[in-house]
Amino acid sequence: MKKEEIKKSNIYVIPQTKGGVGKTTISGIVATLLYLQNQNQKINLFEIDDNNVSRVNSNYINHQSLKLKDSEVVIDDIQFSSLSDNNVVNIVDAGGGNDTKIVLQKLKEIDLSGLNYYVPVNDDIEQVDNVKDTITLIRDFDKSAKINLVLNRCFTLEKEEIQKQFINIFGSEELDIPNRLTDLKVDNIFFVPNSNIFSILKSHYKVSLLDSYLSSIDLVQNIDTYRQEWIKEGQEIFKSNNKRYRFAKMVVELINQLEPLKKAL
């Protein structure tokens, strides 16, 4: 019997055997961009991690933080919903180290193939081996996987500057560091800017990137109307809301910078 192949648009996995590389950030970005592509989709985001528990407040994303012991049941549920409903998108945020290995093993056990993987990496030279190990684990059971490398926390989005920053990936002739890109054999490379917006939303506002963007774009597009309302409430309220407006512009700019990733989803 032919193995079931899930449509690539249904399941997105964010794995990396190294912790602290921004998997949760990338998961939130993917969820945000998928929703903006099609607001009729139901977005499920499963964080499977024994070492980290995140609480994401969202009116648009169904976020669940789970332990590894629940991974088998969750992955079975993901397979069922992805096969039965094309309007459901499932995103798996796998924890670092052994957590990612176990999640990938559970995917392997039920022959889930053709999935979309986004593997984040920072500019730490040692992380390249973690990326390579992660990709090897994926290719071992999913030959048709679409594997995307995400260069996280880029200081700038200029190509030449990114190559200088990520010498762990692109190498450096001057420093005699080899280019590792060919070894990794990824389908695409995407760039995520280094921004404190992610931590501000998580720790201060305690709201998802998607919810923040939707309120921000409304504020930016209708600022003249809002300002007329603020004036009626006095100078202090006006000044306070102007701070909101400044932050809203930063959020909208961030999403605009992620447009190449959005188009590829």
Side-chain angles (χ1 to χ4, degrees), residues 1-31 34 41-54 56 61-121 127-150 183-188 264-265:
M1 184 177 179
K2 187 178 179 180
K3 295 179 181 179
E4 294 285 359
E5 181 166 315
I6 307 301
K7 292 182 179 180
K8 293 180 181 179
S9 60
N10 286 104
I11 300 177
Y12 295 78
V13 184
I14 292 79
Q16 229 274 41
T17 57
K18 174 71 174 176
V21 296
K23 288 186 290 292
T24 299
T25 296
I26 303 305
S27 299
I29 290 172
V30 170
L34 284 169
Q41 294 179 123
K42 178 182 178 182
I43 309 290
N44 296 321
L45 201 169
F46 302 96
E47 179 188 33
I48 305 176
D49 193 336
D50 273 355
N51 301 302
N52 184 40
V53 177
S54 298
V56 177
I61 301 169
N62 173 32
H63 177 271
Q64 296 184 47
S65 189
L66 306 158
K67 298 297 184 183
L68 277 174
K69 62 182 178 62
D70 304 312
S71 60
E72 184 172 308
V73 173
V74 171
I75 288 171
D76 285 350
D77 288 342
I78 288 173
Q79 184 182 37
F80 175 82
S81 66
S82 295
L83 284 169
S84 61
D85 191 346
N86 288 331
N87 286 322
V88 173
V89 171
N90 293 297
I91 302 167
V92 179
D93 171 9
N98 199 47
D99 293 5
T100 277
K101 293 178 181 178
I102 291 175
V103 168
L104 293 177
Q105 177 61 32
K106 294 301 178 183
L107 294 172
K108 178 180 180 180
E109 288 173 3
I110 56 173
D111 300 319
L112 269 174
S113 61
L115 306 190
N116 226 340
Y117 292 87
Y118 287 82
V119 183
V121 63
Q127 285 186 24
V128 180
D129 290 333
N130 295 102
V131 171
K132 189 172 183 179
D133 290 345
T134 302
I135 292 173
T136 299
L137 290 170
I138 296 168
R139 295 290 190 202
D140 176 57
F141 70 93
D142 190 351
K143 306 301 183 186
S144 58
K146 185 176 181 181
I147 300 179
N148 306 279
L149 185 64
V150 182
D183 294 341
L184 298 178
K185 298 178 181 179
V186 296
D187 296 287
N188 292 299
L265 289 171

*asked:* Taking side-chain contact (heavy atoms from CB on, under 4.5 Å) as the definition, give me every residue that meets it alongside Asp187, ordered by chain and number, with sequence neighbours left out.
replied: Arg139, Lys146, Ile147
To the nearest 0.5 Å, what is the distance between [atom1] on [X] and [atom2] on [Y]?
{"X": "Asn62", "Y": "Asn90", "atom1": "CG", "atom2": "CG", "result": "9.0 Å"}
{"X": "Asn148", "Y": "Asn188", "atom1": "CG", "atom2": "CG", "result": "5.0 Å"}
{"X": "Ile75", "Y": "Asp70", "atom1": "CD1", "atom2": "CG", "result": "11.0 Å"}
{"X": "Thr24", "Y": "Glu47", "atom1": "OG1", "atom2": "CD", "result": "4.5 Å"}
{"X": "Ile138", "Y": "Asp133", "atom1": "CD1", "atom2": "CG", "result": "11.0 Å"}
{"X": "Lys106", "Y": "Lys101", "atom1": "NZ", "atom2": "NZ", "result": "15.5 Å"}

Between the main-chain N or O of [Y] and the side-chain N or O of [X], is there a donor-acceptor pair closer than 3.5 Å?
{"X": "Ser81", "Y": "Ile78", "value": "yes"}
{"X": "Asn87", "Y": "Gln41", "value": "no"}
{"X": "Gln16", "Y": "Lys18", "value": "yes"}
{"X": "Ser71", "Y": "Val103", "value": "no"}
{"X": "Asn10", "Y": "Val88", "value": "yes"}
{"X": "Asp142", "Y": "Gly114", "value": "yes"}

*List the steps and the verdict of side chain to side chain contact (heavy atoms under 4.5 Å, CB included) for Gln79 and Leu112.*
CA-CA 8 Å; Gln79 184 182 37; Leu112 269 174; 3.9 Å; yes
Decide yes or no for [X] and [Y]: does some side-chain heavy atom of the first lie under 4.5 Å from some side-chain heavy atom of the second?
{"X": "Thr134", "Y": "Leu137", "value": "no"}
{"X": "Leu34", "Y": "Tyr12", "value": "yes"}
{"X": "Asp99", "Y": "Ile48", "value": "no"}
{"X": "Leu104", "Y": "Asp140", "value": "no"}
{"X": "Asp77", "Y": "Phe46", "value": "no"}

*Please say which of Asp183, Val121, Val21, Thr17 ends up in a side-chain contact (heavy atoms from CB on, under 4.5 Å) with Val131.*
Val121
Shortest non-hydrogen contact from [X] to [Y]?
{"X": "Ser27", "Y": "Leu45", "answer": "O-CD1, 3.8 Å"}
{"X": "Lys42", "Y": "Asn44", "answer": "CE-OD1, 3.4 Å"}
{"X": "Pro15", "Y": "Pro120", "answer": "O-CD, 3.6 Å"}

